[in-house]
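First up is the structure itself, then whatever we jot down about it.
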Amino acid sequence: MPRRRGCLPPLVCTLAALSLPLLLAAEPRAKSCSEVRRLYAAKGFSQSEAPSHEISGDHLKVCSQAYTCCSQEMEEKYSQQSKHDFRNAVVELSNHLQTMFSSRYKKFDEFFKELLENAEKSLNDMFVRTYGRLYMQNSELFKDLFVELKRYYVGGNVNLEEMLNEFWARLLERMFRLVNPQYHFTDEYLECVSKYTEQLKPFGDVPRKLKLQVTRAFVAARTFAQGLAVARDVISKVSAVNPTPQGTRALLKMMYCPYCRGLVSVKPCYNYCFNVMRGCLANQGDLDTEWNTFMDSMLLVAERLEGPFNIESVMDPIDVKISDAIMNMQENSMQVSQKVFQGCGQPKTLAQGRTARSVSESGFSARFRPYNPEERPTTAAGTSLDRLVTDVKEKLKQAKKFWSSLPGNICNDEKMSVGTVNENECWNGSAKSRYDFAVTGNGLASQVNNPEVEVDITKPDMVIRRQIMALRVMTNKLKNAYSGNDVDFIDISEESSGEESGSGCEFQQCSPEFEFNATEVTGNSNKSDKKANTSAATSSGLSQAALFLSILFLAMQRQWR
């Protein structure tokens, strides 16, 4: 029987009829993107840029190119949003710590300055009441003492030992005139008198003890305040993170690529987030070692402030101590005068009728009552040093390991909460599944094996390197202050902070070579101090010599001009 034209064999027709429903079932149905569109609009973006149903992802550069709910515009805006979210997370966590250091610095600074003001006022009031006109005639001597102490605290170039030696020498000159009113003393003679200050000890042991106490207390106080300011500035500069292009790709992939797959409620796996954050914060991780050492040094100086270097216990009774020294000079005036006359020669007697009034006639015989430490009130800034130190010590302990903990803290943040409950139900960078890579270590060098962020470990962030140097320099100063050794300092006002340095100085100035000053606080005489200073200057080596030559060159330049 002839086959009819156009008719397929019966077997083929049967198979086609049976396969048609299967083919229709295999044809993919476009999923709705309504939830993705809603969340996209909630970020402030135009909903018209988001497709209503899944489309081909050929246009995507970072996210999967399979069927997607993201247009090209969406991927680009999500990329910017991921950078914004990351920066905000770092700043938010850093701001709390920065605010703490800033507020404690202001409190300590206010306290120290007010303490000096109170001590000066107390001395002035008591000396006016006790010594009357004689004090008023010589008040500039005491005013100058407090001017220099204040100048030292705010970072002035003041050698405390030399300044205090000068104060006692000038006081001896004034007192020597008062206890020997029958003689005429030339300036040259009084200069000779001042040379006997250390040898004769006219003021007893007060100058030596006070010099030791004041120097140690002031070194510790201003170093600690400076440390708080440096911590504040380091955090400010380092928390302003700008992710690299590779870091931005990793952030986008982790934070918003699951949206493009419609997985809007799936959070990143914890270890996955950890790797991305450690890659993006690789340079910040390198701060941790120096930061922790710095915190330990701050805690050591804080202990000194509570104990033997307590500036409050030194400054509150300073008027009593100086008065005791003056009384001691008056009581030993005859012996002191005789020894001076032997060394400097017999002075000329004043003509009759021109004899100055003696000390006893002038009211210098009064003595203050003994100082009782238990009577010390809550003084400066409405608090006491002990309260301030107790508070800040807890904060310093909490601040340790901040930079190594930062990646984990970001991943644990509520806004970036990750899939820690079920490790198989989290976003691993490509799907909703388990994350199998190990977590990389902290710091730049460890990122060579980071599976999520491509990091160039040969190019460290220079801003962060400067902050590491600033912390190192400050740590050395704190260690010296803990030992009672003076160091050169910069202005500690907020306005003086440099653009790229946590210590408020330019990077070139922040080298460790210029840390040591010539003032080592000991109880020895000037002669032994000078030997110690000479030894310190010699041990500083070529770096000190280079610094000296630079200063000499600048001085010669000024002369040439």
Side-chain angles (χ1 to χ4, degrees), residues 123 126-127 130-146 148-149 159-215 314 317-350 355-368 370-371 521-530:
L123 183 143
M126 295 178 81
F127 275 41
T130 306
Y131 301 126
R133 189 171 63 86
L134 274 179
Y135 167 70
M136 298 297 291
Q137 290 171 344
N138 296 279
S139 62
E140 83 282 352
L141 177 65
F142 302 92
K143 184 178 180 180
D144 289 347
L145 171 66
F146 282 95
E148 290 301 290
L149 288 174
N159 184 305
L160 280 177
E161 281 199 34
E162 289 180 3
M163 184 273 291
L164 290 168
N165 288 339
E166 176 67 16
F167 167 75
W168 292 112
R170 289 175 64 195
L171 184 59
L172 175 59
E173 291 177 11
R174 305 290 177 94
M175 286 293 299
F176 197 73
R177 271 182 172 151
L178 291 171
V179 298
N180 292 285
Q182 69 274 30
Y183 295 109
H184 169 71
F185 299 106
T186 63
D187 290 342
E188 291 77 11
Y189 194 95
L190 290 174
E191 190 175 337
C192 179
V193 172
S194 66
K195 291 177 182 177
Y196 282 84
T197 308
E198 284 291 327
Q199 182 183 336
L200 299 177
K201 300 193 183 305
F203 300 110
D205 206 30
V206 173
R208 185 191 67 82
K209 288 182 178 178
L210 196 59
K211 180 167 66 175
L212 184 66
Q213 293 168 349
V214 166
T215 307
V314 172
I318 196 169
D319 46 11
V320 179
K321 293 175 182 178
I322 293 175
S323 178
D324 283 344
I326 291 171
M327 294 304 125
N328 195 79
M329 166 65 188
Q330 183 188 351
E331 290 168 2
N332 298 304
S333 60
M334 288 186 66
Q335 300 94 306
V336 171
S337 297
Q338 286 173 5
K339 289 179 181 178
V340 169
F341 294 161
Q342 290 173 9
C344 299
Q346 189 71 24
K348 292 180 180 180
T349 307
L350 282 171
T355 303
R357 293 198 301 167
S358 68
V359 177
S360 59
E361 292 171 342
S362 306
F364 254 60
S365 58
R367 183 189 290 274
F368 293 154
Y371 172 70
V521 185
T522 64
N524 300 332
S525 66
N526 267 357
K527 207 175 270 185
S528 63
D529 288 342
K530 286 179 182 176

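Every value quoted in this text rests on a predicted model; they were computed, and no experiment measured them.
Under a 3.5 Å cut-off, the side chain of T215 and the backbone N or O of L212 do not form any donor-acceptor pair. Looking at S323, its side chain never comes within 3.5 Å of a backbone N or O of V320 through a donor-acceptor pair.
Across all non-hydrogen atoms, the minimal contact from V193 to L172 is O-CD2, 3.6 Å. Considering all non-hydrogen atoms of both residues, R177 and F185 come closest at NH2-O, 3.7 Å. Closest of all the heavy-atom pairs between V206 and W168 is CG1-CH2, 4.1 Å. Residues P207 and G204 share a closest heavy-atom pair of CD-O, 3.6 Å.
Remark: M175 CE to S333 OG distance equals 8.0 Å, nearest 0.5 Å. Here E161 contributes atom CD and E166 contributes atom CD; the two are 14.0 Å apart, rounded to the nearest 0.5 Å. Atoms CD1 and CG, from I318 and L210 in turn, are 5.0 Å apart once rounded to the nearest 0.5 Å. With rounding to the nearest 0.5 Å, the separation of CZ in F203 from CD1 in I326 is 7.0 Å. Taking OG of S139 as the start and OH of Y131 as the end, the distance is 14.5 Å to the nearest 0.5 Å.
With sequence neighbours left out, the side-chain contact (heavy atoms from CB on, under 4.5 Å) criterion links E188 to T186. Taking the salt bridge (Lys or Arg N to Asp or Glu O under 4.0 Å) definition, one finds that E162 meets it with nothing, sequence neighbours left out. In this structure, E173 has no side chain to side chain donor-acceptor pair (under 3.5 Å) partners at least two apart in sequence or on a different chain.
Considering only heavy atoms from C-beta on, V340 stays 4.5 Å or farther from N180 through its side chain. Taking 4.5 Å as the limit, every side-chain heavy atom of L160 sits out of range of all side-chain heavy atoms of K211. Between L350 and Q182 the shortest side-chain heavy-atom distance does not fall below 4.5 Å. You'll find the side chain of L164 stays beyond 4.5 Å of the side chain of E148, heavy atoms only. Inter-residue side-chain proximity for L178 and Q330 is flagged as unmet; no heavy-atom pair is nearer than 4.5 Å. Inter-residue side-chain proximity for N138 and L171 is flagged as unmet; no heavy-atom pair is nearer than 4.5 Å.
Ring centroids of F146 and F167 are separated by 6.0 Å or more, keeping the two rings apart. Aromatic ring centroids of Y135 and F142 lie under 6.0 Å apart.
Other residues, nucleotides and ligands contribute only 12 or fewer heavy atoms inside 6.0 Å of the CD atom of E191.
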- Task: Determine, step by step, whether Y183 and S337 satisfy the side-chain hydrogen bond (donor to acceptor under 3.5 Å, both in side chains) criterion, reporting the C-alpha distance in whole Å, the side-chain angles of both residues, the deciding distance to 0.1 Å, and the verdict.
- Result: CA-CA 11 Å; Y183 295 109; S337 297; over 6 Å; no
- Show the numbers, then the answer: is there a side-chain contact (heavy atoms from CB on, under 4.5 Å) between L200 and N332? CA-CA 10 Å; L200 299 177; N332 298 304; over 6 Å; no
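A salt bridge between R174 and E140 is present, with a side-chain N of the basic residue lying under 4.0 Å from a carboxylate O of the acidic one. Remark: K321 does not engage D324 in a salt bridge, criterion side-chain N to carboxylate O under 4.0 Å.
Side chains of N328 and K201: no donor on one and acceptor on the other come within 3.5 Å.
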